[in-house]
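What follows is one structure encoded as structure tokens, with my remarks underneath.
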Amino acid sequence: MEKLVSSWYNNVQRVPQDYIFPPEKRPGDLRVPVDEVIPVIDLSEAEQGDRTPTIQKILKAAQEFGFFQVINHGFSQNLMNESMVVCKELFGGSNEANKKSNSSEDVSKSCRVKTCGVRCSPDKVHLWRDLLLHQCHPLEKWQHTWPQHPTRYQECIGAYSVEVKKLASRILALICEGLGLKCGYFEDEQLSGRMFLSVNNYPPCPEPSLTLGLSKHADSNLITILLQDGVYGLEVLKEDKWIGVEPNPHAFVVNMGCFLQVISNNKLKAAEHRVVTNPNTARTSIAFFIASLEDRIIEPAKDLTNELHPPIYRPCKAKDFLTQFLAMDGDSGAVLRSLLA
Ligand SMILES: O=C(O)CCC(=O)C(=O)O
Ligand SMILES: [Fe+2]
């Protein structure tokens, strides 16, 4: 088992060789890109009456950027703060006992805090990240398998999972309406019934220009709802330029996955993104992924295709998509191209 970055980063002044990306993949100059801003959408406006303006903003952002942030979403700020604190504690924080127990061989393999070995990165370079990844739906099936340290983890993240699932459904309902799909299209258990959560920890890095917390990728699911702490790191690729996602611990970042790009017949975009590191502060993020059951066929929605707008992609089972995705080292663009009709 590889040692967690959070357990040794403090002892090094240089990034170890196997964490250094090839020059063309390195973040290099780390000034925060400010050319464009990822749209921030106030969800309370849709609750107060006409949903149309909010839907239009969501669709536009999902088309142009594949990303947006939502504020005034109704999610309890206390629960957001508490979840972030609990997740930071997972990686030790000040508590070495937590860190050791969560990464020890005693913890069920599916719920162990681990680091990202070379297999996590298409470039065969290690990532400057530790993470915990687990399923969360149905809650009763998984909650007891989650880490027992910190002791509040299961309860707090259980509540978080329930609330973030509701938020995801609300956002998917707005997208559904915006695309002109029949009401409840995304509520199908086969299509959106696989949910998992990953807690990412990016420790401070002595040479952020050489390495990455997460290399360029698009998510291979339907939609992702991400909570970040106040530390910069997430960047989105748009027309060959990286755009920084402003850290806002009161907002959720929403991004479209490849399945939504296929279903929407390219109306919405699964944008590539990456995470850069910084020398001073650890960054934590909590990503909630809505994905499809393995046997669900993913294809352009029938209501969005006709003679004038033929399906751009061939139907493909969710599990075959994922197999391809892994075989192509997470190159979502290549997988999508291989599915062109
Ligand atoms: O940590 C982040 O901000 C992004 C995480 C991410 O992109 C992912 O887990 O797929
Ligand atoms: Fe991602």
Side-chain angles (χ1 to χ4, degrees), residues 5-6 27 30 32-33 38 62 65-70 80 83-84 87-88 90-91 113-117 119-123 127-136 157 160-161 164 168 194-205 208 211-238 242-261 268-278 281-291 321-322 325-326 329-333 335-336:
V5 182
S6 51
L30 271 162
V32 175
I38 299 294
F65 296 85
F67 267 76
F68 53 89
Q69 301 212 55
V70 291
M80 292 164 79
S83 302
M84 196 43 95
C87 286
K88 282 185 180 289
L90 260 186
F91 299 93
V113 172
K114 50 185 175 234
T115 193
C116 254
R119 274 179 304 141
C120 291
S121 149
D123 304 292
L127 299 174
W128 199 268
R129 165 177 88 148
D130 298 329
L131 84 158
L132 170 75
L133 177 71
H134 60 62
Q135 300 231 44
C136 34
I157 299 304
Y160 181 89
S161 307
V164 76
R194 225 175 114 243
M195 293 166 213
F196 46 103
L197 189 131
S198 90
V199 186
N200 301 298
N201 180 258
Y202 308 94
C205 173
T211 190
L212 284 166
L214 197 46
S215 45
K216 181 176 90 167
H217 70 285
D219 293 354
S220 59
N221 59 334
L222 203 58
I223 196 165
T224 306
I225 314 277
L226 179 109
L227 177 62
Q228 34 173 2
D229 59 10
V231 182
Y232 180 83
L234 179 59
E235 297 184 341
V236 177
L237 192 62
K238 182 171 182 264
W242 291 103
I243 304 174
V245 180
E246 188 163 340
N248 178 352
H250 306 290
F252 286 93
V253 180
V254 181
N255 65 288
M256 315 306 117
C258 294
F259 292 177
L260 207 43
Q261 176 163 337
L268 310 184
K269 163 169 139 187
E272 290 179 310
H273 49 286
R274 71 177 184 185
V275 176
V276 298
T277 62
N278 78 81
T281 325
R283 174 173 184 270
T284 303
S285 67
I286 310 174
F288 178 75
F289 301 94
I290 300 239
F321 189 97
L322 295 176
F325 190 76
L326 290 177
D329 283 329
D331 184 344
S332 52
V335 184
L336 289 169

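Below, each value reflects all heavy atoms present in this structure, side chains not excepted, and no hydrogens, waters or symmetry copies. Counting convention: from 1, in listed order, for ligands and their atoms alike.
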Here the pair of heavy atoms bringing Leu127 nearest to Thr115 is O-OG1, 4.4 Å
I'd like the atom pairs linking ligand 1 to the protein - N or O on both sides, separation under 3.5 Å - with distances to 0.1 Å.
residue  : atom   : partner : partner atom : Å
ligand 1 : 1 (O)  : Tyr202  : OH           : 2.7
ligand 1 : 1 (O)  : Arg283  : NH1          : 3.3
ligand 1 : 1 (O)  : Ser285  : OG           : 2.6
ligand 1 : 3 (O)  : Arg283  : NH1          : 3.2
ligand 1 : 3 (O)  : Arg283  : NH2          : 2.9
ligand 1 : 7 (O)  : His217  : NE2          : 3.2
ligand 1 : 7 (O)  : His273  : NE2          : 3.0
ligand 1 : 10 (O) : His217  : NE2          : 3.1
ligand 1 : 10 (O) : Asp219  : OD1          : 3.2

Mutual orientation of the aromatic rings belonging to Phe252 and Tyr160 [parallel < 30°, tilted 30-60°, perpendicular > 60°]: tilted
Testing the basics here: between Ala282 and Lys88, what is the closest heavy-atom pair and its distance to 0.1 Å? O-NZ, 4.0 Å
Does a side-chain heavy-atom distance below 4.5 Å link Cys87 with Ile157? yes
Below 4.5 Å, heavy atoms only, C-beta onward: do Leu227 and Met80 meet side chain to side chain? yes
What pair of heavy atoms forms the shortest contact from Leu234 to Arg283, and how long is it? CB-NH2, 3.7 Å
Backbone N/O of Val231 and side chain of Asp229: donor-acceptor pair under 3.5 Å: yes
On a heavy-atom basis, which atom in Ala291 and which in Phe196 lie closest, and how many Å separate them? CB-CE2, 4.1 Å
Are any side-chain N or O atoms of His273 and backbone N or O atoms of His217, one a donor and one an acceptor, separated by less than 3.5 Å? yes
N, O or S atoms of the protein lying under 2.8 Å from the Fe ion (ligand 2): His217 NE2, Asp219 OD1, His273 NE2
